[in-house]
Amino acid sequence: MPRVGPQPPERPAKTDVEAVVRCYFGLLRAGRIPEAEQLIDHHPVRHVLKALWTGSVEASADGDGDGPSGGSAHDEDEQHLETNPEMNPEMNPDLHVSWLGELDLADFHWGDTGSHVYVEITYRAQIIEVSLGFWVRPTDAGRVVTGPSTYW
């Protein structure tokens, strides 16, 4: 039976969605959190930063031992992450996120339906235990990228 009513907008190409995710992650790495939040339909950033931090610390403990918990800038990052429960850069303009610059995207993994992707993250070229998941969802205005969720 043919579908009656408005049809959902055409799904964007995977490369287009991956480009949005790359842009989001680039903004996040640069500490431009409010801009990253505006790029996609974003869940609160606190859980993302905390998961990336934890994954980085675990990766450095398994690796060379010189992870984000070492060095004065990294110590400041850890202190800010622990003492600012909202992780809101607008409320805390001195939030230092230098360790984010050492993270990068690895492989993208698409679900069977093409509406969900998760991406592996590296810290100093080592894949960490946390991945970020994104969805492509239809809205009245078209399709939007939502997320990220964190996968362990």
Side-chain angles (χ1 to χ4, degrees), residues 1-63 67-69 73-74 77-78 80-81 84-93 95-152:
M1 173 181 283
R3 185 178 170 135
V4 178
Q7 298 292 318
E10 190 173 316
R11 181 171 290 135
K14 289 179 179 180
T15 54
D16 293 337
V17 174
E18 290 177 9
V20 170
V21 170
R22 288 180 195 287
C23 184
Y24 165 81
F25 197 75
L27 291 169
L28 194 67
R29 286 183 62 208
R32 296 166 53 188
I33 302 325
E35 291 174 64
E37 290 176 322
Q38 295 298 313
L39 185 62
I40 62 173
D41 185 15
H42 193 279
H43 296 288
V45 74
R46 179 178 182 258
H47 83 281
V48 174
L49 291 176
K50 191 164 185 94
L52 292 173
W53 173 259
T54 302
S56 298
V57 169
E58 289 175 0
S60 66
D62 293 341
S69 59
H74 295 304
D77 293 340
E78 184 172 17
H80 284 296
L81 289 169
N84 185 1
E86 295 305 312
M87 307 279 267
N88 185 338
E90 292 173 4
M91 294 173 58
N92 183 4
L95 179 65
H96 297 283
V97 289
S98 60
W99 57 273
L100 284 171
E102 298 187 61
L103 297 173
D104 210 347
L105 298 175
D107 294 330
F108 285 78
H109 302 275
W110 283 87
D112 294 337
T113 65
S115 62
H116 175 258
V117 63
Y118 77 90
V119 61
E120 295 174 313
I121 309 296
T122 64
Y123 173 75
R124 295 183 176 176
Q126 178 182 349
I127 292 180
I128 64 175
E129 293 290 323
V130 67
S131 298
L132 300 180
F134 298 86
W135 293 265
V136 178
R137 301 202 192 271
T139 67
D140 292 340
R143 293 201 181 251
V144 297
V145 177
T146 65
S149 60
T150 52
Y151 299 123
W152 291 90

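FYI, side chains are in, hydrogens and waters are out, and symmetry mates aren't considered; it's all heavy atoms of this structure. It should be emphasised that the depicted structure is a prediction, and the values quoted were computed from it without experimental measurement.
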Worksheet entry | Worked verdict on Asp107 versus Val119 for side-chain contact (heavy atoms from CB on, under 4.5 Å) | CA-CA 6 Å; Asp107 294 330; Val119 61; over 6 Å; no

Worksheet entry | Criterion side-chain contact (heavy atoms from CB on, under 4.5 Å) on Val117 and Trp135, from CA distance to verdict | CA-CA 6 Å; Val117 63; Trp135 293 265; over 6 Å; no

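- The main-chain N or O of Pro148 is found under 3.5 Å from a side-chain atom of His47 such that the two form a donor-acceptor pair.
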Item to complete: Could you go through the side-chain contact (heavy atoms from CB on, under 4.5 Å) check for Arg143 and Glu10 one step at a time?
Response: CA-CA 8 Å; Arg143 293 201 181 251; Glu10 190 173 316; 5.9 Å; no

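- With values rounded to the nearest 0.5 angstrom, Ile128 atom CD1 is found 9.0 Å from Thr54 atom OG1.
- Annotation: side chain of Leu52 is in contact with side chain of Trp99 (closest heavy-atom distance under 4.5 Å).
- Using modelled atom types and a 3.5 Å distance limit, the side chains of Glu18 and Trp110 yield a donor-acceptor pair.
- For Phe108 and Tyr118, the gap between ring centers reaches or exceeds 6.0 Å.
- Judged by distance alone, the side chain of Arg29 and the main-chain N or O of Leu103 form a donor-acceptor pair under 3.5 Å.
- Looking at every heavy atom in both residues, Trp152 comes nearest to Ala51 through CH2-O, 3.6 Å.
- Thr122 contributes no side-chain N or O that, together with a main-chain N or O of Arg124, makes up a donor-acceptor pair within less than 3.5 Å.
- In terms of heavy-atom proximity, Arg11 sits nearest to Ser115 at NH2-CB, 3.9 Å.
- Between Leu100 and Leu28, the shortest heavy-atom distance links the atoms CD1-O, 3.2 Å.
- Here the straight-line distance linking atom CD of Glu35 with atom SG of Cys23 works out to 9.0 Å at 0.5 Å rounding.
- Residues Ile121 and Ser131 approach most closely at CG1-CA, 4.4 Å, considering heavy atoms.
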Worksheet item: After noting the C-alpha distance and the side-chain angles of Val144 and Ile40, does the key distance pass the side-chain contact (heavy atoms from CB on, under 4.5 Å) rule?
Response: CA-CA 7 Å; Val144 297; Ile40 62 173; over 6 Å; no

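- One distance of note links CD of Glu102 with OG of Ser56; it measures 8.0 Å at 0.5 Å rounding.
- If you take CZ on Arg32 and CD on Glu37, they are separated by 13.5 Å, rounding to the nearest 0.5 Å.
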